[in-house]
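Take a look at the structure set out below.
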Amino acid sequence: MLKISTGKLYTLLSACKQDNAEVKKRLLITEIIEMTEYKALQVYQGATSVMDDYYSPDKLQEATYEQLMEVKEIVVFLEDCIRKLYETICYGDVRQLKRLKKPNFFDVRSMSELYRLVLKQKKTGINITNISEYDVWSIFSPETILSLDSKLELFHSIDIEALEIQISEMLKDEIYCISASEIAEKKRVYRDIYRKEGTVHIRLQIVENRIFMKKLFWSFISICLVMGQFSGSSVLFSVSGRVVALITYLLALTAYWIWG
């Protein structure tokens with residue numbers, strides 16, 4: 001039963017003139033406006049843009065009768081749909097929304113598809129986003145960034161532990177929503193890369209240490225031999241010959257340390 005006098009008037013006119021399309025349309029608009037769910041949408045911040053752009057009384061006047069019939073069904077679940085969508089933006093894997101376009105607010109099937117999708121979304125953590133509940137529908141804009149895959153070139157270096165902060169800084173001029181699940185995946189990838197690089201570095205260090213010890217050992221032996229040569233009483237070489245031999249040996253030893 002319609003509560004306002006205008007609604008009652010259109011009800012009477014509709015009964016008298018059942019073939020009057022304009023009267024039927026106005027009666028349907030009145031029914032929608034008087035719905036409890038419609039009134040709830042009027043005071044819900046997340047529905048502000050929808051109510052202003054599509055479902056205000058003036059906008060409803062511009063819709064066809066068939067579209068109004070769709071709206072009457074949509075209004076019943078729209079508030080919960082918006083709330084679940086915003087929860088997904090804040091805590092779910094928003095990459096699941098990529099396959100959807102911005103829904104048609106005059107098509108109950110389009111809105112129902114979105115509602116079913118957001119209903120089954122699980123919370124995976126706290127997402128990094130600058131989308132507020134007021135502009136919740138910007139999640140469907142083609143300019144909105146929903147993944148880091150196409151933006152990794154913006155990062156001059158990756159600090160694993162401060163990745164969330166880096167995202168906010170690098171994308172500050174964009175509209176973005178990066179899910180916690182993707183951030184966790186990226187961190188695992190980077191940690192694996194760094195772990196492999198660390199392992200290679202350790203192995204190279206071990207090889208270098210072995211080479212160093214080998215060089216040190218042979219240098220020690222060589223010095224002992226040279227000292228023995230100078231301190232011995234051999235008459236096979238003159239003093240000048242021994243000096244030349246020592247210089248030659250030292251040059252050879254230096255080359256061995258550099259290229260050996």
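Numbering starts at 1 and runs along the sequence shown. The model shown is predicted, which means the values in this text are computed figures rather than measured ones.
- Other residues, nucleotides and ligands contribute over 12 non-hydrogen atoms within 6.0 Å of the NZ atom of Lys25.
- In this structure Glu185 satisfies the side-chain contact (heavy atoms from CB on, under 4.5 Å) test together with Arg95, Arg188, sequence neighbours excluded.
- In Met51, the CE atom is crowded: over 12 heavy atoms of neighbouring residues, nucleotides or ligands sit closer than 6.0 Å.
- Residue Lys122 qualifies as open at atom NZ: its count of foreign heavy atoms under 6.0 Å is 12 or below.
- Interatomic distance, CD of Gln61 versus CD1 of Ile29, reported as 3.5 Å (0.5 Å rounding).
- Classification of Arg83 and Glu87 as a salt-bridged pair fails, no side-chain N sitting under 4.0 Å from a carboxylate O.
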Determine, step by step, whether Val76 and Met35 satisfy the side-chain contact (heavy atoms from CB on, under 4.5 Å) criterion, reporting the C-alpha distance in whole Å, the side-chain angles of both residues, the deciding distance to 0.1 Å, and the verdict.
CA-CA 9 Å; Val76 174; Met35 292 174 66; 3.8 Å; yes
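- Between the side chains of Tyr54 and Glu62, not a single donor N or O lies within less than 3.5 Å of an accepting N or O.
- Atom CG in Asp107 sits 9.5 Å away from atom CD in Glu113 (nearest 0.5 Å).
- A donor-acceptor pair under 3.5 Å is formed between the side chain of Thr30 and the backbone N or O of Arg26.
- For Phe106 against Ala63, the heavy-atom pair with the smallest separation is CE2-CB, 3.9 Å.
- Around the CG atom of Leu119, the shell of radius 6.0 Å holds more than 12 heavy atoms that belong to other residues, nucleotides or ligands.
- Gln45 contributes atom CD, which lies 8.5 Å from atom OH of Tyr86 (distance to the nearest 0.5 angstrom).
- Counting only distance, with no hydrogens or angles, the side chain of Asn130 and the backbone of Tyr176 share a donor-acceptor pair below 3.5 Å.
- Leu78 and Leu97 end up in the same hydrophobic cluster when Ile, Leu, Val, Met, Phe, Trp and Tyr side chains are linked at under 4.5 Å.
- When the side chains of ILVMFWY residues are joined at heavy-atom separations under 4.5 Å, either directly or via intervening members, Ile131 and Ile178 end up in two distinct hydrophobic clusters.
- Ring centroids of Phe105 and Trp137 are separated by less than 6.0 Å, placing the two rings close together.
- Seen from the ring of Tyr65, Lys24 counts as a face-on cation partner, given the 6.0 Å and 45° thresholds.
- Listed for the Glu37 side chain is no donor-acceptor partner under 3.5 Å among the backbone atoms of Val75.
- By the 6.0 Å contact criterion, CD1 on Ile126 is open, its count of non-hydrogen atoms from other residues, nucleotides or ligands being 12 or less.
- Glu73 places no side-chain N or O within 3.5 Å of a backbone atom of Glu70 that could act as its donor or acceptor partner.
- Counting all heavy atoms, side chain and backbone alike, Leu117 lies closest to Gln96 at CD2-O, 3.7 Å.
- By the 4.0 Å N-to-carboxylate-O rule, Lys39 lies close enough to Glu34 to be salt-bridged with it.
- Using a 4.5 Å cut-off between side-chain heavy atoms of Ile, Leu, Val, Met, Phe, Trp and Tyr, with links allowed through other members, Tyr134 and Leu85 fall into different hydrophobic clusters.
- Summarising the geometry of Ser141 relative to Glu143, their closest heavy-atom pair is OG-OE1, 2.9 Å, with the distance given to 0.1 Å.
- Placement of Ile165 and Met170 in two distinct hydrophobic clusters is found when ILVMFWY residues are connected by side-chain heavy-atom separations under 4.5 Å, directly or transitively.
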Derivation of the side-chain hydrogen bond (donor to acceptor under 3.5 Å, both in side chains) call for Tyr44 and Glu133
CA-CA 10 Å; Tyr44 173 42; Glu133 190 174 22; 2.6 Å; yes
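- Salt-bridge formation is detected for the pair Lys186/Asp149: a Lys NZ or Arg NE/NH1/NH2 atom is positioned less than 4.0 Å from an Asp or Glu carboxylate oxygen.
- Note: Leu114 CG to Arg109 CZ = 15.5 Å, rounded to the nearest 0.5 Å.
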Can Leu146 and Ile139 be said to form a side-chain contact (heavy atoms from CB on, under 4.5 Å), step by step?
CA-CA 8 Å; Leu146 300 182; Ile139 192 69; 3.4 Å; yes
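- A 6.0 Å sphere centred on CZ of Phe77 holds more than 12 heavy atoms belonging to other residues, nucleotides or ligands.
- Checked by atom type, the side-chain pair Ser132/Asp135 shows a donor-acceptor distance below 3.5 Å.
- The main-chain N or O of Gly92 is found under 3.5 Å from a side-chain atom of Asn127 such that the two form a donor-acceptor pair.
- Between Ser179 and Val94, the shortest heavy-atom distance links the atoms CB-N, 4.0 Å.
- Placement of Ile145 and Tyr91 in two distinct hydrophobic clusters is found when ILVMFWY residues are connected by side-chain heavy-atom separations under 4.5 Å, directly or transitively.
- Note that NZ of Lys84 is 3.5 Å distant from CG of Asp80, once rounded to the nearest 0.5 Å.
- We find the OG-CD1 distance between Ser138 and Ile175 to be 5.0 Å, quoted to the nearest 0.5 Å.
- For the residue pair Leu28 and Lys72, the shortest heavy atom distance occurs at CD1-CD, 3.9 Å.
- Looking at every heavy atom in both residues, Pro103 comes nearest to Ser110 through CA-OG, 3.3 Å.
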